[in-house]
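First comes the structure, then the notes that go with it.
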Protein chains: 4
Amino acid sequence: MLTKTQFKIIEAFKRLIIENGYSKTTTKRIAELAGVNESTIFKNFKDKEGLMNAAVDQFLIEAVDITKDLEMSGDVEKDLINLSRRYQEFVASHQAIVLAGFRETFEISKLNEAVQRVPIHFKKLLIAYFEELQSENRISSSISIESEVMNVIWLNFGYFLTKNRFQDSSLDYNLDYFLENNIRNYASKLTFRE
Amino acid sequence: MLTKTQFKIIEAFKRLIIENGYSKTTTKRIAELAGVNESTIFKNFKDKEGLMNAAVDQFLIEAVDITKDLEMSGDVEKDLINLSRRYQEFVASHQAIVLAGFRETFEISKLNEAVQRVPIHFKKLLIAYFEELQSENRISSSISIESEVMNVIWLNFGYFLTKNRFQDSSLDYNLDYFLENNIRNYASKLTFRE
Amino acid sequence: MLTKTQFKIIEAFKRLIIENGYSKTTTKRIAELAGVNESTIFKNFKDKEGLMNAAVDQFLIEAVDITKDLEMSGDVEKDLINLSRRYQEFVASHQAIVLAGFRETFEISKLNEAVQRVPIHFKKLLIAYFEELQSENRISSSISIESEVMNVIWLNFGYFLTKNRFQDSSLDYNLDYFLENNIRNYASKLTFRE
Amino acid sequence: MLTKTQFKIIEAFKRLIIENGYSKTTTKRIAELAGVNESTIFKNFKDKEGLMNAAVDQFLIEAVDITKDLEMSGDVEKDLINLSRRYQEFVASHQAIVLAGFRETFEISKLNEAVQRVPIHFKKLLIAYFEELQSENRISSSISIESEVMNVIWLNFGYFLTKNRFQDSSLDYNLDYFLENNIRNYASKLTFRE
DNA sequence: CATGAATGAGAGTTCATTCAT
DNA sequence: GATGAATGAACTCTCATTCAT
């Protein structure tokens, strides 16, 4: 679908928006980094927003498979850790788009919409998962699924952004530590009383 | 400390960076919105970064009092809700700076540093709080304070950013709902077994 | 004639035009260096050109006395050295105006006119001097006075500008060396055959 | 080496710096005079200083040939006149750079260095010439070569600047007059006693 | 009489984009 | 299908100058 040239341009673009943000990423620098002429960008993607849209399309295609082959065992701790790992891996490998979605203001509608898909997808998945657990009496029926689901999402989300935006060591944790401690800890309480 | 003119300029600036981000906020539009001549901005703040620094200074001054008069009752649910409310109120009323801290890349060092202060402050406060609770046996000694503290922070953080960046209704919660459900729910588990 | 404030401003102005030239000397920096408010300059001198004119006026007043008390002995070498020393001392102590006269283009008519006065004055003086020498048969009657006079002027002029504009050591001579060698050497030939 | 566009821009630039000096020559006016868009200047020369550097480079290339094919006959008058003519022709055809070198203060180091090359070159050449004359006993061995050489340079230099900067008729001489009178007169004395 | 605050014009420069080839 | 050259709009910032006090 993408020609070699287009691929090179998008890769350069993504790398630069991670470093500098969308506004500060100039077409000139994209061209330099991609090793093409600046006007080639416009030939291929019409304008800068077109390039963003192409990058978002790529993101969306891969986002479809975000939870593919993810099996739920019914062991809450294990499942939430796996799910969180999936999420973290996905956003890490799509840093450019995810961060751009946060940093940029609302002009690029496609970007906005795309970035929201991920949490929405996870939310649905988690709701279904918790409902099943509840129907099987594996977690207390008194639990507010909506609350728990959003908390899992926010935890993951907070972790991702902290990791990406803060350099202070007191706020920095690596992924495995996060999963093994923060997520496990959180998950453990869901089944606490059983 | 700030003259009337300086105040007007900073207010205009903050409003515009919320809407458009720092890069896209032009000195011309700031001047228009503030009702001053464009060069007045430079007379007063040297350059655009100087204006940002002035806004950050204002933020830092107010950040000092962020948890002033906040009393901890020892009732975990109540305390975490109060603390979270404080946090959410603070970041909401300093949206411009907090969001800019996230959106902008690392060129404006003062901004970066400033924005990190808030979570660091809350982290310290929460650690002290949990340690005291533990020493008084009000929460289980087996709890990993570090984990719990970061989870509280990430929950709040995730909520704030979701609220500010996502328009999708399925991800939108108002503050009171968040506090009464998500935070209370989270807090309740800390004392579950007692 | 000049108030203290005016004096300070003119001194600052002259120092800065030596360093940076007229265009690059900003009223802001003049004010800083003079220790006055920027608008005080405009109160006192109307505009920047008015300030230049005031500096030129000062120059012209002092230029009147440029060869005051200068006695000619009739000894050509001695006299040309003395005259050259006068010239060099004068232009050295009025560097700001003399250099500005060279560097600036012709917008400031007063400056142009003023700076030309010095060589014109010396030219007249030298012509009278050589004519007298010739009438007294102290130098050959075949000598072209016009030529000799202009050569003396250009020698002095060339020396002054080289000294002020070139840093290369191979082109740098101190004043006494110049007078004792170049001027004496030149003068000696005028009387050579006698 | 230079494209047509670059050539046009440099020509316009040189013309304008002669008229107005470097600082007052705006990129806008250069563009107008060159018949190109203002930003074309920046595309081609990076910035205003880059344009100056390009003009200086051009100057330096031509400066290499400054005394090419100049043959010395051994006839001092003739040789110094030829040499002076060469010098005057070169600086006349490179007025823009030579004058800029004098007018501008020392920020543009390349310009400074370049402008000094010309007198340094002539100085070396003249020293070698006089030494040869001396070794052949065509001029007195008592002559101070250093003095004579610098005097020739200063004479030429003084003439050039007077011509370019002074409008007063009493100081204005055309080139041939200068060469035939002032230089010949000067040269004649070097061989006077022979 | 000097100041502090404000201004308008214009400077150099950058940017996304277009057009001829 | 990609390039090189050129563009126009916009940007940050500087400057001499003015005005109210």
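Heavy-atom basis, side chains included; hydrogens, waters and symmetry copies ignored. Throughout, a chain's letter reflects where its sequence line sits, starting with A, and its residues are numbered from 1.
Note: NZ (C:K8) to C1' (E:dA2) measures 11 Å, nearest angstrom. One atom, CZ of A:R29, and another, C1' of E:dA16, lie 16 Å apart when rounded to the nearest Å. Between the NZ atom of B:K28 and the P atom of E:dT7 there is a distance of 15 Å, given to the nearest Å. Straight-line distance from the CZ atom of D:F42 to the P atom of E:dA16: 17 Å, rounded to whole Å. Regarding B:E38, its CD atom lies at a distance of 12 Å from the P atom of E:dT7, rounded to whole Å. The distance between atom CD of C:E32 and atom C1' of E:dG4, rounded to the nearest whole Å, is 14 Å.
Classification of B:E11 and B:K14 as a salt-bridged pair holds, one side-chain N sitting under 4.0 Å from a carboxylate O.
Of the side-chain N and O atoms in C:S39, none sit less than 4.0 angstrom from OP1 or OP2 of E:dT3. OP1 or OP2 of E:dG8 has at least one side-chain nitrogen or oxygen of B:N37 nearer than 4.0 Å. Residue C:N44 places no side-chain N or O under 4.0 Å from the OP1 or OP2 atom of E:dC1.
Position along DNA chain E of the nearest nucleotide to A:Y22 versus D:D47 favours D:D47 as the more 5'-ward residue. Nearer to the 5' terminus of DNA chain F, by closest-nucleotide assignment, is the contact made by D:G35 (compared with the other of B:K48 and D:G35).
Listed candidates were E:dT3, E:dT13, E:dA11. Nearest to the side chain of C:K43 is E:dT3. Closest to the side chain of C:T40, from the set E:dT7, E:dA11, E:dA2, is E:dA2.
The two residues C:K28 and C:E38 come nearest to each other via the heavy atoms N-OE2, 3.4 Å. In terms of heavy-atom proximity, D:F42 sits nearest to D:D47 at CD2-CA, 3.8 Å. Heavy-atom minimum distance, A:R103 versus B:R103: O-CD, 2.6 Å.
Pair assignment for F:dT3: E:dA20, on the basis of Watson-Crick or G-U wobble contacts that are both within less than 3.5 Å. Across the strands present, E:dG8 finds its partner in F:dC15; the criterion is a Watson-Crick or G-U wobble pair with both atom distances under 3.5 angstrom.
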Exercise for the section: Walk me through it: do D:V36 and D:N44 pass the test side chain to side chain contact (heavy atoms under 4.5 Å, CB included)? Expected result: CA-CA 11 Å; D:V36 299; D:N44 279 279; over 6 Å; no
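Once you apply a 4.0 Å limit to the heavy atoms of chain D, the touched nucleotides of DNA chain F run 5' to 3' over F:dA6 to F:dG8.
Among the heavy atoms of the strands lying under 4.0 Å from C:T25 are primed sugar atoms or P, OP1, OP2 only; no base atom is included. Across all strands, B:T3 comes closer than 4.0 Å to no nucleic acid atom at all (heavy-atom distances). Among the protein residues, C:T26 comes within range of the sugar-phosphate backbone only, with heavy atoms under 4.0 Å from sugar or phosphate atoms but none that close to a base.
Both tests do not hold together for A:K110 against A:F59: distance to the six-membered ring centre under 6.0 Å, angle to the ring axis within 45°. A cation-pi contact, defined as under 6.0 Å to the ring centre and within 45° of the axis, is absent between B:K24 and A:Y22.
Considering D:N53, D:V98, D:I97 in turn, D:I97 is the only one that fulfils the side-chain contact (heavy atoms from CB on, under 4.5 Å) rule with D:L111.
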